[in-house]
Chemist: 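Before I ask anything, here is the structure I am working with.
Side chains included, hydrogens not; waters and symmetry mates left out as well; all remaining heavy atoms used. One-based numbering, in listed order, for ligands and for the atoms of each. Residue numbers count from 1 along this sequence.
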Amino acid sequence: MIDPFGRAITYVRISVTDRCDFRCVYCMAENMTFVPKAELLTLEELDRLAGVFVELGVKRIRLTGGEPLVRRNLMWLVEQLGRHVREGRLQELTLTTNGSQLERFATDLHRFGVRRVNVSLDTLDAAKFEAITRWGKFGKVMAGIEAARAAGLAIKINCVALKGVNEDEFDRMIAWCGEQGFDLTLIETMPMGEIDGDRTEQYLPLSLVRARLEQRWTLEDIDYRTGGPARYVRVKETGGRLGFITPLTHNFCEACNRVRVTCTGTMYMCLGQEDKADLRAALRASEGNELVRRAILEGIARKPKGHDFVIDRRHNRPAVRRHMSVTGG
Ligand code: SAM
Ligand code: SF4
């Protein structure tokens with residue numbers, strides 16, 4: 001699948017639920033209205049849809065949410081999608097998770113073909129962790145990370161840079177990830193969805209963070225890419241990889257290779273734009289996959305050149321009204 005700007009679309013992120021057992025302050029309001037269950041794609045529909053993407057040349061699938069591991073019976077879907085990996089049609093099946101359920105599921109994930117997980121962890125301080133996630137339990141997540149490692153999963157830690165909250169912790173985080181053998185990616189906050197607080201207060205440009213880190217660490221540019229928008233450096237002192245995702249200070253759209261599908265089967269061709277394609281209607285209109293295939297291709301033919309996020313200081317309105325937990329981060 002090639003989009004109008006010549007980019008090959010080989011990566012799909014699929015949100016399997018918009019629900020979550022955490023309420024991270026930058027992601028959700030404490031009181032959220034979730035999609036009624038009847039509107040969700042069933043696990044069978046998700047499997048069918050993923051199969052069509054694979055037929056169309058998608059090589060990597062990432063399951064996300066909300067918290068993907070709170071979707072009931074998710075392991076069934078992982079097992080089905082794992083077939084595409086085992087039979088060589090898919091290069092990679094991964095997952096982005098808050099880690100709360102990894103203790104329970106790490107072994108199955110590995111057994112069904114997952115080799116790498118991204119775990120979101122913004123702080124190593126238990127009290128701060130509980131303040132940021134509102135409902136999260138730090139010990140549970142650490143135990144989950146340990147279980148993932150024991151199961152043989154490679155781990156990348158995703159850390160959202162929050163001004164005045166965790167900006168004093170990046171050195172510690174780099175050292176810890178270095179010791180543990182985890183990659184680390186720092187992410188700028190993106191203005192998506194209504195939250196309870198003020199986003200301009202959370203926003204911390206990573207250009208500033210990087211300049212500060214360079215006073216303490218030797219950061220060497222490397223070519224490593226995971227198919228995502230992160231730019232990586234090697235931290236000479238730890239040997240670990242450190243990525244930066246900077247949607248606001250640096251536009252990463254030129255090399256965009258992905259689309260996103262929500263848990264209700266809406267495909268967004270760009271994280272930062274409203275245009276979408278309804279794949280659920282196509283899935284439910286007939287048993288065959290021709291309509292789904294056509295709906296995907298028509299969507300890709302409209303994939304925009306890029307997003308244009310701004311944290312609007314005057315209005316403090318989200319640039320995109322839907323939450324990250326809807327589109328899937
Ligand atoms: N619940 C899972 C988790 O937290 O890893 C998967 C979904 S979560 C929406 C995916 C990623 O998006 C997480 O790393 C989270 O920190 C990040 N995220 C959520 N809201 C964000 C925002 N407004 N700006 C930047 N990153 C955000
Ligand atoms: Fe849940 Fe992930 Fe959003 Fe936190 S970032 S509220 S864990 S979906």
Side-chain angles (χ1 to χ4, degrees), residues 13-32 34-35 62-71 74 94-102 105 116-123 129-138 140-141 144-145 148 155-163 165-166 173 182-206 228-230 243-249 252 258 260-263 268 271-272 307 309-311 316-329:
R13 299 173 78 114
I14 302 178
S15 171
V16 295
T17 177
D18 61 339
R19 289 163 203 256
C20 187
D21 51 348
F22 290 6
R23 289 289 180 280
C24 302
V25 290
Y26 48 76
C27 179
M28 292 195 183
E30 188 138 30
N31 280 315
M32 295 285 291
F34 293 112
V35 172
R62 176 176 296 277
L63 302 181
T64 180
E67 174 47 41
L69 295 176
V70 305
R71 174 81 194 247
L74 184 76
T94 53
L95 186 87
T96 301
T97 174
N98 65 23
S100 68
Q101 313 289 317
L102 274 177
F105 293 120
R116 214 159 60 96
V117 288
N118 288 6
V119 182
S120 303
L121 183 70
D122 303 327
T123 173
F129 178 86
E130 283 162 30
I132 295 173
T133 61
R134 292 197 188 103
W135 297 359
K137 295 276 170 282
F138 183 69
K140 190 102 185 102
V141 170
I145 291 175
I155 297 168
K156 181 163 77 86
I157 301 292
N158 281 348
C159 172
V160 175
L162 298 162
K163 189 164 146 192
V165 178
N166 61 1
M173 201 70 141
F182 302 156
D183 287 346
L184 170 64
T185 300
L186 298 175
I187 308 175
E188 273 176 2
T189 53
M190 290 176 243
M192 297 189 64
E194 300 283 350
I195 54 169
D196 297 330
D198 179 351
R199 283 189 195 278
T200 58
E201 281 172 12
Q202 298 177 345
Y203 177 60
L204 176 63
L206 288 186
F244 297 91
I245 300 189
T246 56
L248 293 155
T249 52
F252 50 50
R258 66 192 51 199
R260 295 175 156 83
V261 181
T262 68
C263 55
Y268 285 98
L271 180 62
H307 65 66
F309 281 132
V310 235
I311 296 237
N316 191 32
R317 265 202 312 259
V320 176
R321 291 182 55 83
R322 62 186 188 274
H323 286 92
M324 189 72 125
S325 55
V326 171
T327 329

Chemist: Do R62 and T96 pair up side chain to side chain, a donor and an acceptor below 3.5 Å, judged on atom types alone?
Modeler: yes
Chemist: Numbering the atoms of ligand 1 from 1, which are under 4.0 Å from a heavy atom of T64?
Modeler: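 Heavy-atom distances to T64 below 4.0 Å select 6 (C), 7 (C).
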Chemist: Looking at ligand 2, is there an atom of it that comes within less than 4.0 Å of some heavy atom belonging to G66?
Modeler: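 Per 4.0 Å heavy-atom rule, G66 contacts ligand 2.
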Chemist: Given I157, which partner from the list D122, L186, I145, N118 fulfils the side chain to side chain contact (heavy atoms under 4.5 Å, CB included) test?
Modeler: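 Testing I157 for a side chain to side chain contact (heavy atoms under 4.5 Å, CB included) against D122, L186, I145, N118 leaves exactly one candidate, I145.
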Chemist: For ligand 1, which is the ligand I care about here, please tell me if Y26 has any N or O atom under 3.5 Å from one of the ligand's N or O atoms.
Modeler: yes
Chemist: Closer than 4.0 Å to some heavy atom of C24 - which atoms of ligand 2 meet that?
Modeler: 4 (Fe), 5 (S), 6 (S), 7 (S)
Chemist: Looking at ligand 1, does G66 have a heavy atom less than 4.0 Å from it?
Modeler: yes
Chemist: Regarding ligand 1, does E67 bring an N or O atom to under 3.5 Å of one of the ligand's N or O atoms?
Modeler: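 Looking only at distances, the answer is yes, because the N/O contact criterion of under 3.5 Å is met.
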Chemist: Taking distance alone, with N or O pairs closer than 3.5 Å, would you say S120 contacts ligand 1?
Modeler: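 For ligand 1, there is an N or O atom that lies under 3.5 Å from one belonging to S120.
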Chemist: Judged on heavy-atom distance to atom 25 (C) of ligand 1, which of M28, E188, R62 sits nearest?
Modeler: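 Closest candidate by heavy-atom distance is E188.
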Chemist: In ligand 1, which numbered atoms sit nearer than 4.0 Å to a non-hydrogen atom of N158?
Modeler: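 Reading through ligand 1 atom by atom, the close ones are 14 (O).
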Chemist: Relative to the heavy atoms of V160, which atoms of ligand 1 are at a distance of less than 4.0 Å?
Modeler: 16 (O), 26 (N)
Chemist: Identify, by atom number and element, the atoms of ligand 1 in contact range of T97, meaning under 4.0 Å from any of its heavy atoms.
Modeler: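 The list of qualifying atoms is 2 (C), 3 (C), 5 (O).
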Chemist: Partners of K163 by salt bridge (charged side-chain N to carboxylate O under 4.0 Å, His left out), sequence neighbours excluded?
Modeler: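 Partners of K163 under the salt bridge (charged side-chain N to carboxylate O under 4.0 Å, His left out) test: none.
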Chemist: Kindly identify the option in G65, C20, S15 whose heavy atom sits closest to atom 8 (S) of ligand 1.
Modeler: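 Nearest option to atom 8 (S) of ligand 1, by heavy atoms: G65.
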Chemist: What are the atoms of ligand 1, with element, lying closer than 4.0 Å to any heavy atom of C27?
Modeler: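 The atoms of ligand 1 under 4.0 Å from a heavy atom of C27 are 19 (C), 20 (N).
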